[in-house]
Student: 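Pasting a structure below so you can have a look.
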Amino acid sequence: MLTAFARAFKTPDLRKKLFFTLGIIVVYRVGTHIPIPGVDYKSVQICVDEASGNQGLFGLVNMFSGGALLQITVFALGIMPYITASIILQLLTVVIPRLEALKKEGQAGTAKITQYTRYLTVALAILQGTGLVATARSGALFSGCTVASNIVPDRAIFTTITMVICMTAGTAVVMWLGELITDRGIGNGMSILMFISIAATFPSALWAIKKQGTLAGGWIEFGTVIAVGLVMVALVVFVEQAQRRIPVQYAKRMIGRRSYGGTSTYIPLKVNQAGVIPVIFASSLLYIPALIAQFSNGDSAWKSWIERHLVTGNHPYYIVSYFLLIVFFAFFYVAISFNPEEVADNMKKYGGFIPGIRAGRPTAEYLSYVLNRITWPGSLYLGLIALVPTMALVGFGANQNFPFGGTSILIIVGVGLETVKQIESQLQQRNYEGFLR
């Protein structure tokens with residue numbers, strides 16, 4: 001990997017793309033530290049220090065924004081609205097025939113769906129920005145902070161509208177920066193910005209673990225977490241690269257005087273076909289009852305039950321519900337993202353077949369059978385990885401900012417592998433060596 005990066009900087013075109021990507025990353029990180037108008041920055045810093053390691057309901061969104069959410073900056077919403085909009089459009093593509101037809105139109109249809117995603121991103125940013133401002137004004141953003149009610153001192157409607165507009169504009173700028181990286185830089189822009197947002201929270205989380213440690217000044221706990229992180233990265237890389245290759249052969253066809261086909265290839269079915277989407281779905285679904293309980297008035301029995309069982313994150317009810325939801329959403333997302341019947345029809349149309357399996361319906365049934373078998377270990381793996389921070393909290397007393405686990409490690413490893421693959425593929429195009437040197 002290091003050799004690939006060294007060779008990339010020696011190639012003028014790739015070096016220009018890498019420096020452009022680094023420049024966009026610097027702009028993005030600067031924006032995550034610029035506070036929006038109408039916010040008392042000193043009160044925010046006091047509450048952030050008091051809430052360190054206990055971010056509660058907003059921990060996932062704060063991680064995706066690189067810590068900008070709790071500081072209420074211009075890029076406070078980060079890329080979360082775009083991720084949500086992309087997931088919603090992907091799910092609607094299966095339900096709405098018009099979107100499914102657009103998806104099959106090729107580049108023109110993809111451009112139209114991307115445009116719809118941008119519109120939906122702005123709408124979600126307005127909605128989430130309004131919710132964030134209302135939460136900050138009520139003091140619920142930092143539960144237990146002594147100056148939480150002073151974060152937004154001016155309660156005028158004009159100030160509120162200005163804050164929402166600033167955060168919505170910040171989301172639009174983040175979306176634009178991500179598309180710039182995709183067009184003129186290296187890798188997928190949104191994935192790179194997500195990678196940077198999560199990686200930016202690692203130093204503070206690791207240092208917090210060191211400060212809270214008691215053995216040898218916290219260095220033993222610090223080293224243990226680093227070692228566990230390296231083992232987990234190796235495990236995630238191993239599983240993310242694992243795939244079941246189903247062989248496919250294409251029969252020879254004579255068209256005129258030319259012969260087509262007669263080749264052998266394979267269908268790669270990944271063990272973790274769903275990626276990190278089930279973890280995001282499960283986390284979002286579990287946040288809904290806790291969020292409703294947080295904004296409800298009074299001390300009702302159902303509110304206290306939710307706060308006791310579903311908010312702390314280390315209760316057995318929460319752990320079991322989280323794990324089962326991840327397994328369910330893994331199967332659900334694989335079912336809507338991979339259609340065995342469509343793959344079987346395409347193979348039959350072009351003269352392809354799986355050795356020993358008849359074309360058509362038997363091929364679709366065989367693909368469904370194999371996909372279900374490899375989705376089971378993939379879903380169980382996702383559930384166990386996502387529960388690592390909770391296990392660290394219960395078993396070792398680590399804070400809730402335990403960095404190596406769950407969504408963060410899956411995204412960082414996945415984006416890192418994909419970016420390195422893109423760099424190596426571009427290097428092969430520019431540094432091709434024949435059989436004879």
Side-chain angles (χ1 to χ4, degrees), residues 79-125 171-172 174-176 178-183 187-194 240 243-244 246 248 250 265-281 284 328-352 354 359-361 363-368 370-372 374-375 378-379 411 414-415 418-419 421-422 425:
I79 56 176
M80 201 62 181
Y82 185 85
I83 296 172
T84 308
S86 300
I87 294 174
I88 291 175
L89 260 296
Q90 195 170 4
L91 295 177
L92 290 179
T93 303
V94 184
V95 180
I96 302 176
R98 169 62 179 162
L99 292 176
E100 188 176 1
L102 282 176
K103 185 179 179 182
K104 294 179 180 179
E105 288 181 4
Q107 188 174 359
T110 304
K112 201 69 177 177
I113 293 177
T114 303
Q115 189 177 4
Y116 292 156
T117 305
R118 292 170 184 164
Y119 293 151
L120 185 57
T121 299
V122 174
L124 289 175
T171 301
V174 169
M175 185 169 54
W176 177 61
E179 292 179 355
L180 280 180
I181 293 177
T182 304
D183 293 338
N188 182 279
M190 294 302 169
S191 300
I192 294 292
L193 294 183
M194 195 189 310
E240 289 294 320
Q243 57 183 219
R244 167 74 183 273
I246 299 179
V248 177
Y250 286 91
T265 181
Y266 60 86
I267 301 175
L269 295 180
K270 296 181 64 177
V271 173
N272 182 21
Q273 189 84 4
V276 75
I277 301 296
V279 181
I280 297 176
F281 277 7
S284 303
F328 167 75
F329 280 121
F331 278 92
F332 173 76
Y333 189 76
V334 168
I336 67 172
S337 62
F338 186 89
N339 189 352
E341 294 182 359
E342 183 178 352
V343 175
D345 289 341
N346 291 333
M347 289 171 53
K348 185 177 180 181
K349 186 186 302 182
Y350 294 104
I354 300 174
R361 186 174 181 83
T363 299
E365 293 177 351
Y366 176 75
L367 290 175
S368 300
V370 174
L371 194 63
N372 287 332
I374 67 172
T375 302
S379 61
I411 291 175
V415 175
E418 189 64 30
T419 305
K421 284 181 181 178
Q422 287 199 20
S425 64

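Residue numbers run from 1 in the order of the sequence given. All values derive from a computational prediction rather than experimental measurement.
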Student: Check the angle between the aromatic planes of Phe329 and Phe332 and answer parallel, tilted or perpendicular using the 30° and 60° thresholds.
Tutor: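 It falls in the perpendicular class, over 60°.
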Student: Decide yes or no for Met347 and Ile267: does some side-chain heavy atom of the first lie under 4.5 Å from some side-chain heavy atom of the second?
Tutor: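 Counting from C-beta outward, Met347 and Ile267 do come under 4.5 Å.
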Student: Could you check whether any side-chain heavy atom of Tyr333 comes within less than 4.5 Å of a side-chain heavy atom of Gln273, counting everything from C-beta outward?
Tutor: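 They are not in contact (no side-chain heavy atoms under 4.5 Å apart), so the answer is no.
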Student: Identify the heavy atoms of Ala364 and Pro340 that sit nearest to each other, and give their distance.
Tutor: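 In this case the closest contact between Ala364 and Pro340 is O-CB, 3.6 Å.
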Student: For Ile354 and Ile246: C-alpha separation, side-chain torsions, deciding distance, then whether side chain to side chain contact (heavy atoms under 4.5 Å, CB included) applies.
Tutor: CA-CA 7 Å; Ile354 300 174; Ile246 299 179; 3.7 Å; yes
Student: Say you draw a straight line from CG of Leu367 to CG of Leu269; how long is it, rounded to the nearest 0.5 Å?
Tutor: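 If we round to the nearest 0.5 Å, Leu367:CG and Leu269:CG are 7.0 Å apart.
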Student: Evaluate Glu365 against Glu341 for side chain to side chain contact (heavy atoms under 4.5 Å, CB included), listing each step before the verdict.
Tutor: CA-CA 8 Å; Glu365 293 177 351; Glu341 294 182 359; over 6 Å; no
Student: Please round to the nearest 0.5 Å and tell me the distance separating atom CD1 of Ile87 and atom CD1 of Ile277.
Tutor: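 These two atoms lie 4.0 Å from each other.
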Student: For a quick test of reading the model, state the closest non-hydrogen atom pair linking Ala344 to Gly360 and the distance between them.
Tutor: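 Heavy atoms only, the tightest pair is CB-O, 3.6 Å.
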Student: Run the side chain to side chain contact (heavy atoms under 4.5 Å, CB included) test on Val415 and Met194 for me, step by step, so that the C-alpha distance in whole Å, both residues' side-chain angles and the decisive distance to 0.1 Å come before the verdict.
Tutor: CA-CA 9 Å; Val415 175; Met194 195 189 310; 5.7 Å; no
Student: Just how far is it from atom CG of Asn346 to atom OG1 of Thr363, taken to the nearest 0.5 Å?
Tutor: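 Between atom CG of Asn346 and atom OG1 of Thr363 there are 12.0 Å.
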Student: My understanding is that only residues two or more places apart in sequence, or in another chain, count here; which of them pass side-chain contact (heavy atoms from CB on, under 4.5 Å) with Ser86?
Tutor: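 Expected list: Tyr82, Thr117.
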Student: Identify all side-chain donor-acceptor contacts of residues 92-113 below 3.5 Å with residues at least two apart in sequence or on another chain.
Tutor:
| unit_1 | atom_1 | unit_2 | atom_2 | d |
| --- | --- | --- | --- | --- |
| Thr93 | OG1 | Leu89 | O | 2.6 |
| Thr110 | OG1 | Gly106 | O | 2.9 |

Student: Which heavy atom in Ser379 sits nearest to a heavy atom in Phe331, and how many Å separate them?
Tutor: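 Residues Ser379 and Phe331, closest heavy atoms: OG-CE1, 3.7 Å.
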Student: Any chance you could measure Phe338, atom CZ, to Thr375, atom OG1, to the nearest 0.5 Å?
Tutor: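 Result: 10.0 Å between the selected atoms.
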Student: For Gln243, enumerate each residue passing the side chain to side chain donor-acceptor pair (under 3.5 Å) test, keeping only those at least two apart in sequence or located in another chain.
Tutor: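 Residues passing side chain to side chain donor-acceptor pair (under 3.5 Å) with Gln243: Arg245.
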Student: Within this structure, what is the CD1-CD1 distance for the pair Ile411 and Ile83, rounded to the nearest 0.5 Å?
Tutor: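 Here the rounded value is 6.5 Å.
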Student: How close do Thr171 and Pro81 get, counting heavy atoms only, and between which atoms?
Tutor: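 Answer, listing the atom of Thr171 first, then Pro81: CG2-CG, 3.8 Å.
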Student: Got Lys270 and Arg244 here, is their nearest side-chain heavy-atom distance under 4.5 Å?
Tutor: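 Side chain of Lys270 against side chain of Arg244, heavy atoms only: no contact under 4.5 Å found.
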Student: Please check: side-chain N/O of Ser191 versus main-chain N/O of Gly187, any donor-acceptor pairing under 3.5 Å?
Tutor: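 Judged by distance alone, no pair lies under 3.5 Å.
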Student: Going from CG on Leu124 to CD1 on Ile88, what distance comes out if it is rounded to the nearest 0.5 angstrom?
Tutor: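 Rounded to the nearest 0.5 Å, the CG-CD1 separation comes to 5.0 Å.
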